[in-house]
Amino acid sequence: AYAQHIVHILDANPSIQQVEVWNEWDIYVPEGYCATGSCYYTLFKATYDIVKAKHPNVKLIAGAHSGKPTHLIAWFEDLMKAGGMQYADMLSWHAYGANTESFITRNDMLNDLMRRYNGGKVKPVIISETGFSTTTNTATTTRVPDGISQAAVLLQTYTVFQRYSNVQGVAWYTAINGSRDPNDIVGNYGLFKLPDGNVLAYQPKASVATLYYMRALLNGFSFVDQKTVAGDVAVYTFKNQEQRVIRIAWRKGDVVRVGTPATVTLPASTQFSTYVTSTTGATIKKAVAPSGNSPTVTITVTSRPQFIIER
């Protein structure tokens, strides 16, 4: 019945190109089934046979795993041992955690696992959920206290996954808060607040400005590399066809407490002026024109990301 439901949706919506099979089977398993990767394989294989018979070009995504680090890799290995890599067009998992560095660790491990079970090759990956809640409830590790902190981890999240050529999408959960109660964890993951008695419109958090600014700024730029400098400062470099460079840098750590600033010196170009902005585009350092045979720019970095822009 589940597979036939997917077929009916695809029949009615021929523009759909990808389908994720189930959602968080590892924690939301149907009654009477086990939550292991091998049990999920039984559902996925049956779905694959029925859907592909009618819609052979639709990509089927396996996993939709909750991302819990205690069993993420063991669960996927169980799926792969059962034969999942033979049928999955793509894999997906949900990136939640106390910091974005943990996302790198988990995706590295998943890629290594795919290479073991897929002849040394990885398959495309979708991060089909990620997010940080602005709840006041401290009973979750994915909590940030305000929109500015959410903006910081949003930028970090979308940036860290640029290092992977096989990560084809990152989906933020969610667009709009589901609750007006600040103590509701799930109800405060949104980028917009719900209207209340004083404000009728959906109120954007600072993370909305960051998402818009990031997309506009990096349009036409491609990821080049990632380095760690000064011990714990992450620097991600992007470049466009004009050889202009944009870097995103932050000190690894807790975005809530910001932490002690670090001073770093980064390479620059004499062809462009360099300036620094916050996650939302506010000017932190006015444009400077680097000079000399080995031009550089010196900036002060905290755990909240900054854009270092050549223009």
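- The side-chain contact (heavy atoms from CB on, under 4.5 Å) test applied to Ile148 returns Asp146, Ala206, Arg304, not counting sequence neighbours.
- When the side-chain contact (heavy atoms from CB on, under 4.5 Å) test is applied to Ser66, the partners found at least two apart in sequence or on another chain are Glu24, Asp26, Ile27, Lys68, His71.
- For the side-chain hydrogen bond (donor to acceptor under 3.5 Å, both in side chains) test, residues two or more places apart in sequence or in another chain that qualify with Asn111 are Asn166.
- Residues passing the side-chain contact (heavy atoms from CB on, under 4.5 Å) test with Thr105 are Met109, sequence neighbours excluded.
- Applying the salt bridge (Lys or Arg N to Asp or Glu O under 4.0 Å) criterion to Arg247, with sequence neighbours excluded, gives no partner residue.
- Residue pairs meeting the ring pair (Phe, Tyr, Trp, His ring centres under 6.0 Å) criterion with at least one member in residues 233-285, sequence neighbours excluded, are Phe223-Phe238, Tyr236-Trp250.
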Taking distance alone, no hydrogens or angles, what donor-acceptor pairs closer than 3.5 Å link side-chain atoms of residues 30-37 to residues at least two apart or in another chain?
unit_1	atom_1	unit_2	atom_2	d
Thr36	OG1	Ser38	OG	3.1
Thr36	OG1	Cys39	N	3.2

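- Taking all atoms of both residues into account, the shortest heavy-atom contact from Thr302 to Gln306 is N-NE2, 4.4 Å.
- For the ring pair (Phe, Tyr, Trp, His ring centres under 6.0 Å) condition, the pairs that include at least one residue of residues 287-311, sequence neighbours left out, are Tyr213-Phe307.
- Residues passing the ring pair (Phe, Tyr, Trp, His ring centres under 6.0 Å) test with Tyr158, sequence neighbours excluded: none.
- Taking Ile, Leu, Val, Met, Phe, Trp and Tyr as hydrophobic and joining them when side-chain heavy atoms fall under 4.5 Å apart, one finds Met90 in a cluster with Ile61, Ile126.
- Taking Glu20 as the reference, Ser92, Ser128 meet the side-chain hydrogen bond (donor to acceptor under 3.5 Å, both in side chains) condition, with sequence neighbours excluded.
- Residues satisfying the side-chain contact (heavy atoms from CB on, under 4.5 Å) criterion with Val208, sequence neighbours excluded, are Leu191, Phe192, Pro204.
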